[in-house]
Each structure stands twice: as C-alpha cells, then as structure tokens.
Amino acid sequence: MLLEKLEKYDVILASDSPRRKQLLGEMGIRFRKESVGVSEEYPVDLAPRQIAEYLSKRKAGAFEKTRLQENSLLITADTIVTLDEQVLGKPAHREDAIRILRSLSGKPHDVITAVTLKTREKEMTFSVVTKVFFKELADVEINYYIDCFKPYDKAGAYGIQEWIGHAAIEKIEGSYFNVMGLPTHRLYEELSRFI
C-alpha cells in the first residue's frame, strides 16, 4: 500500500496553499511544508496545460539536489484557470476580481493543476484538467462573494470549496479536488508508480 511505502520518505510539500496542505493530509500522507518563492512568469508561447506544468517544474527546480536528502520526496503543484485558452490569474485587487468573475459568469472554463514529484534520482510531472460550469452570476452575488471571502490568493478569483462553489457552480466534469488545487486520485496513482 502506498502509505506504507511512503513511511521511509521525508515527504515535502513545497506550497503555501492551505488547501493543498489540507488535501494531502486528508490522503493520510505524513509530510512537512516548506515554502519556495519562485517567479510565476512563463514563456508566452506555451499552451495552458504547458504553463501549469512549467510552473510546477519551476517550483521543483528551486530545490536543488543538494537541498534534498536521500529519502526526500518533493511535491510541488501549480493551478491555473483558463477561459477560451486565456489564463485568468490571481486577482490583483477587488476590481480585478469582479472582472474575472464577470468573465466566468454563465460560461464553462478549465482548471488545470500540474504536479511535480522529485527525488534526488528522478523527477516527473503530470497535469489534470477539470471543466467547471458557472451559472449566470448577478453583480450582487459577485460583490457578496468577494467582500466576504476575499479570493485574492486564488487563480480565477474563486475557491470551489467556498460559498460560490455551493451557490453558483452548476456542474463540473472531472476532479473536484483538482479545482481545489490537488488532483488527489491521480496523485495517489502517480505516487504509487513513482516510488
């Protein structure tokens, strides 16, 4: 079983996301969190899925082999939201959050999370896409959500696990946890093959 195999590893989650920390913990994986600060810039010619993978690999690259011990297993991730192939990042301020949520209103969009697994010996990256369908959002709903939940640290200006997910998301195609920031089922499968 994966959890038994992981006991010999020092699992490091290189993420400041409380949602990734929560999900990894709920998977029963013992880990420690270590922050890594990297620029989230990327080459302009990349497709959306490549962007998420590029950023996840970049975060893993911040951990040189010298920082990893023999038993280290590093997990990094990056989530992006795209609408019509355009990346919707984290909102810079309230007006930006309003603009982003208005653009998502009544339309399907993709949430892509890429995950990188790395040890001293090897590294691999995978990504998962989930399609999310929002109902038409009234301005009063958008304003309520932004004022109460302040989604400034979230790609696409929303968190599916918050009020807006309960009230405004009509359906999703794919992994719910992927939208939260970590595709847990796929991560479990990939970890089982990786170690």
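None of the values given here were measured: they were computed from a predicted structure.
To the nearest 0.5 Å, the span separating OH on Y54 from CD on E41 amounts to 8.5 Å. Rounding to the nearest 0.5 Å places CD1 of I51 at 5.5 Å from CG of L46. For the atom pair OG1 of T119 and CG of L73, the computed distance is 7.0 Å after rounding to the nearest 0.5 Å. Interatomic distance, S15 OG to K33 NZ, rounded to the nearest 0.5 Å: 7.0 Å. Atom-to-atom distance recorded for L6:CG and L191:CG is 6.0 Å, nearest 0.5 angstrom. Separation of atoms OG1 (T116) and CD (E123) is listed at 6.0 Å; rounding is to 0.5 Å.
Side-chain contact between L187 and V128: absent, with no pair of heavy atoms (C-beta onward) separated by less than 4.5 Å. With a 4.5 Å cut-off on side-chain heavy atoms, K118 and K57 do not count as touching. Counting heavy atoms from C-beta outward, L117 and L74 have side chains that stay 4.5 Å or more apart. Looking at heavy atoms from C-beta onward, E141 lies in side-chain contact with K135 at the 4.5 angstrom threshold. By the 4.5 Å heavy-atom criterion applied to side chains, E189 and R193 are counted as neighbours. Annotation: side chain of I195 is in contact with side chain of Y9 (closest heavy-atom distance under 4.5 Å). Within the 4.5 Å cutoff, the side chain of I98 has no heavy atoms near those of the D96 side chain. For the pair Y176 and T130, the minimum side-chain heavy-atom distance is 4.5 Å or more.
Between the side chain of S56 and the main chain of E53, no donor-acceptor pair closer than 3.5 Å is present. When atom types are taken as modelled, the side chain of R120 and the backbone of L68 share a donor-acceptor pair closer than 3.5 angstrom. Judged by distance alone, with hydrogens and angles left aside, the side-chain atoms of R19 form no donor-acceptor pair with the main-chain N or O of F177 at under 3.5 Å. K150 places a side-chain N or O within donor-acceptor distance of the main-chain N or O of D147, the cut-off being under 3.5 Å. No donor-acceptor distance shorter than 3.5 angstrom exists from the side chain of K131 to the backbone of E173, with no hydrogens or angles considered. When atom types are taken as modelled, the side chain of R49 and the backbone of S127 share a donor-acceptor pair closer than 3.5 angstrom. Although no hydrogens or angles enter the test, the distance criterion places a donor-acceptor pair under 3.5 Å between the side chain of S72 and the main chain of Q69. A donor-acceptor pair under 3.5 Å is formed between the side chain of S105 and the backbone N or O of L137.
Shortest non-hydrogen contact noted between S39 and L55 is O-CD2, 4.3 Å. Between A77 and G181 the shortest heavy-atom distance is CB-O, 4.3 Å. Across every non-hydrogen atom of V38 and A62, the tightest pair is CG1-CB, 3.7 Å. A pairwise comparison of heavy atoms in L101 and G156 identifies CD2-O, 3.9 Å as the closest pair. For the residue pair V179 and V111, the shortest heavy atom distance occurs at CA-CG1, 3.8 Å. The two residues R30 and V11 make their nearest non-hydrogen contact at O-CB, 3.5 Å.
Listed by first and then second residue, the ring-ring contact (aromatic ring centres under 6.0 Å, His included) pairs involving residues 73-130 are H109-F134, H109-Y158 (not counting sequence neighbours).
The hydrophobic cluster containing M27 also contains I160, counting ILVMFWY residues as joined when their side-chain heavy atoms lie under 4.5 angstrom apart, directly or transitively. V132 and L182 fall within a single hydrophobic cluster, where Ile, Leu, Val, Met, Phe, Trp and Tyr side chains are chained together by heavy-atom contacts under 4.5 Å. Under the 4.5 Å side-chain heavy-atom criterion for ILVMFWY residues, a single connected hydrophobic cluster contains both V115 and F194. Residues F133 and L104 are members of separate hydrophobic clusters, defined by side-chain heavy-atom contacts under 4.5 angstrom among Ile, Leu, Val, Met, Phe, Trp and Tyr. By the criterion of side-chain heavy atoms lying less than 4.5 angstrom apart, applied directly or through intervening Ile, Leu, Val, Met, Phe, Trp or Tyr residues, I172 is grouped together with I164 in one hydrophobic cluster.
Salt bridge present: E190 and R186 bring a charged side-chain N and a carboxylate O closer than 4.0 Å. A salt bridge between K154 and E162 is present, with a side-chain N of the basic residue lying under 4.0 Å from a carboxylate O of the acidic one. A salt bridge does not link E7 to K5: none of the charged nitrogens lies less than 4.0 Å from a carboxylate oxygen.
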side-chain contact (heavy atoms from CB on, under 4.5 Å) between Y42 and Q50: does it pass, once the steps are laid out?
CA-CA 10 Å; Y42 51 84; Q50 293 172 315; over 6 Å; no
Output, in order, the C-alpha distance, side-chain angles, deciding distance and verdict of side-chain contact (heavy atoms from CB on, under 4.5 Å) for E136 and K107.
CA-CA 8 Å; E136 291 279 349; K107 298 184 192 118; over 6 Å; no
Residue pair T79, R20: steps toward the side chain to side chain donor-acceptor pair (under 3.5 Å) verdict
CA-CA 11 Å; T79 300; R20 289 193 186 112; 3.0 Å; yes
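Few gaps surround NZ on K122; more than 12 heavy atoms of other groups in view lie less than 6.0 Å from it.
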Tell me which donor-acceptor pairs under 3.5 Å the side chains of residues 82-92 have, and how far apart each pair is, sequence neighbours excluded?
none

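Taking the salt bridge (charged side-chain N to carboxylate O under 4.0 Å, His left out) definition, one finds that K59 meets it with D78, sequence neighbours left out.
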